[in-house]
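As the structure lists them, so they are numbered: ligands from 1, and atoms in each ligand from 1. This structure is a prediction, so every number in the text was calculated from the model and none was measured. Numbering starts at 1 and runs along the sequence shown.
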Amino acid sequence: MTNLSPLQIERLKYEPKLPSSLANGINHLVSQEGTATQSVANQDEISALFKNTYGKPTVTFKTASESTESSLRNVGVILSGGQAPGGHNVIAGLYDALKQANSSNKLYGFLGGPSGIIEGKYVEFDDKFIDAYRNTGGFDIIGSGRTKLETEEQFQSSLEVCKKLNISAVVIIGGDDSNTNAALLAEWFVAHNAGIQVIGCPKTIDGDLKNEQIEISFGFDTATKTYAELIGNIERDANSAKKYWHFIKIMGRSASHVALEAALQTQPNITLISEEVEQKKMSLSSIIDYITDIVVRRSDNGKNFGIAVVPEGLIEFIPELKSMIANLNDIMSTLESNSAYSNGTDAEKISIIENTLSSENSSVFKSLPSLIKSQLLMDRDPHGNVQVSKIETEKLLISMVEEKLANLKKEGKYSGKFSTQSHFFGYEGRCAFPSNFDADYCYSLGFNAFALINFGLTGYLSSVRNLTAPATEWIAGGVPLTMMMNMERRHGEMKPVIKKALVELDGPVFKKLELNREDWAMNDRYLFPGAIQYFGPSSVCDITTVTLALEKSLANV
Ligand code: FBP
């Protein structure tokens, strides 16, 4: 135990709570089917693409009056995409259910993400292995990766690896894209009579894998609480020193759920929401005007300090930048094979880009500071998109506000001081010790994933609902992955994908910000949530997010 911190030692002893339907044992379950389901849109296209797995009913598990026998099963598990607190507990829950069903069952972990199943790199779990990771953050138990599991060859190699290990079910723990791939793999296995089931688990700190059936993805709770702690600490520092404006970019990729939740927990002076920027077609200069106005008005009140929260994906939602980035993404794929471009210096690359973009997009690109231009040229993600976590939007905003304030100063309209600090919170929250909520939710998702396997289901997402109630009252079951799908353009082609949930501007969560933001801008209503609490009264240890509470109408707007 010498390598373990005191908190690690205590957390290893934590016993995650299960919904009471599952707590009675994996061999004491009965499954209740709902009616046949439809995809959220494009039903004809999706049903044609998923001939074997489309239209299945949702299922809910209840305690059975009599116990059942489970047949022998080997299962493989994959962690896919970005880290999210609680991933280890999904695997622990899956392992415990699988061993409870039959102690001869085996659980294999594929190493390094989806590439592990393709390349046959795996470990076999045992009690000692799993016990060392219970209730810990991180994905280091088997590692993760962003390889997309989608081609015929990849499916074929996965089949061979599964056959070799006698694996009859695969659990993919991932976000919307990974679960889209889980649906494709499930369909392929059925179409090829492989006898291998595929079950997904909803993971991502971004909180954008949610819908009528999935209340939230795991990791959102812990990550947002971690960012809220840090923002609260900075608010207190700003309010003590009264000399800095802090611009804080918050991870979350496209959707602004994480920034919105962290803002509701801390009440900063400014919170930008990408979805609102897009809906109101706010240009970069109108965003700068909005921020500058608050900076000037606060300065007039003697406050040359403040806190601005900026969602990671903002840049892609500002209309003129969105169009320029789309144009840039298109030309980048061809430019990469151009040796003048790929061997060029940053300055040479920028000049080639400026001459290749359409004239309107080229002038938008030219108007950006050189730091941002270089960041826009960095490698694309596996989907061909800009890696928004690498674009320092917070610095872009600071430099443009500075410029605007300097002009106002010349015109005698501003006499304050604008000293700034920039921050980016993302990686700080992705591997935190899971909150009690995430520890319980993840363990339940994993345990429930095995229940879905035991009932012979495939192409389902593990679903645990009623999450604002105590864990014992949570409802466990499964949702067909195809139910969450629609058709979207990817790399110039229409593809079936799980629909990403963006912030709903007419929903109660955004409304809370909208109603309060003028008050929060001028009066310092900072909230200091402090560190996540693991022990102590349930009112601080077991609280869910403001987002969940508002969506379930448990809190006031
Ligand atoms: P997932 O969608 O795979 O869960 O990843 C989430 C995320 O943390 C985003 O918020 C962020 O933009 C991205 O990962 C960063 O990716 P990387 O870890 O590759 O830098």
Are there more than 12 heavy atoms of other residues, nucleotides or ligands under 6.0 Å from atom NZ of K373?
-> yes
Winner among D206, L209, I205 once heavy atoms are compared against atom 10 (O) of ligand 1 = D206
Provide the number and element of each atom of ligand 1 under 4.0 Å from a heavy atom of G252.
-> 10 (O)
In terms of atom number and element, which parts of ligand 1 are under 4.0 angstrom from non-hydrogen atoms of K203?
-> 1 (P), 3 (O), 4 (O)
Tell me yes or no: between the side chains of T204 and S217, is some donor less than 3.5 Å from an acceptor?
-> no
Where ligand 1 meets G81 - atom numbers and elements under 4.0 angstrom, heavy-atom basis = 3 (O)
Does A84 have a non-hydrogen atom less than 4.0 Å from ligand 1?
-> no
May I ask you to establish whether R11 and Y14 are in a cation-pi arrangement, using a distance under 6.0 Å from NZ or CZ to the six-membered ring centre and at most 45° from the ring axis?
-> yes
Would you say R146 touches ligand 1, if touching means a heavy atom closer than 4.0 Å?
-> yes
Quick one: which ligand 1 atoms are inside 4.0 Å of a heavy atom on E312?
-> 10 (O), 11 (C), 12 (O)
Which ligand 1 atoms does T204 reach within 4.0 Å, using its non-hydrogen atoms?
-> 1 (P), 2 (O), 4 (O)
Any atoms of ligand 1 less than 4.0 Å from a non-hydrogen atom of Y427? List them with their elements.
-> 15 (C), 17 (P), 18 (O), 20 (O)
Side chains of Y133 and N89 in contact at under 4.5 Å (non-hydrogen atoms) | no
If the plane angle is over 60° it's perpendicular, under 30° parallel, otherwise tilted; pick one for Y227 and F425.
-> parallel
Are there more than 12 heavy atoms of other residues, nucleotides or ligands under 6.0 Å from atom CD of Q8?
-> yes
Assess the side chains of E152 and W188: does a donor N or O sit below 3.5 Å from an acceptor N or O?
-> yes
Ring-face cation contact, Y341 with K349, 6.0 Å cut, 45° max | yes
Can you find a non-hydrogen atom of G82 under 4.0 Å from ligand 1?
-> yes
Name the option, out of K390, R430, K500, that contains the heavy atom nearest to atom 15 (C) of ligand 1.
-> R430
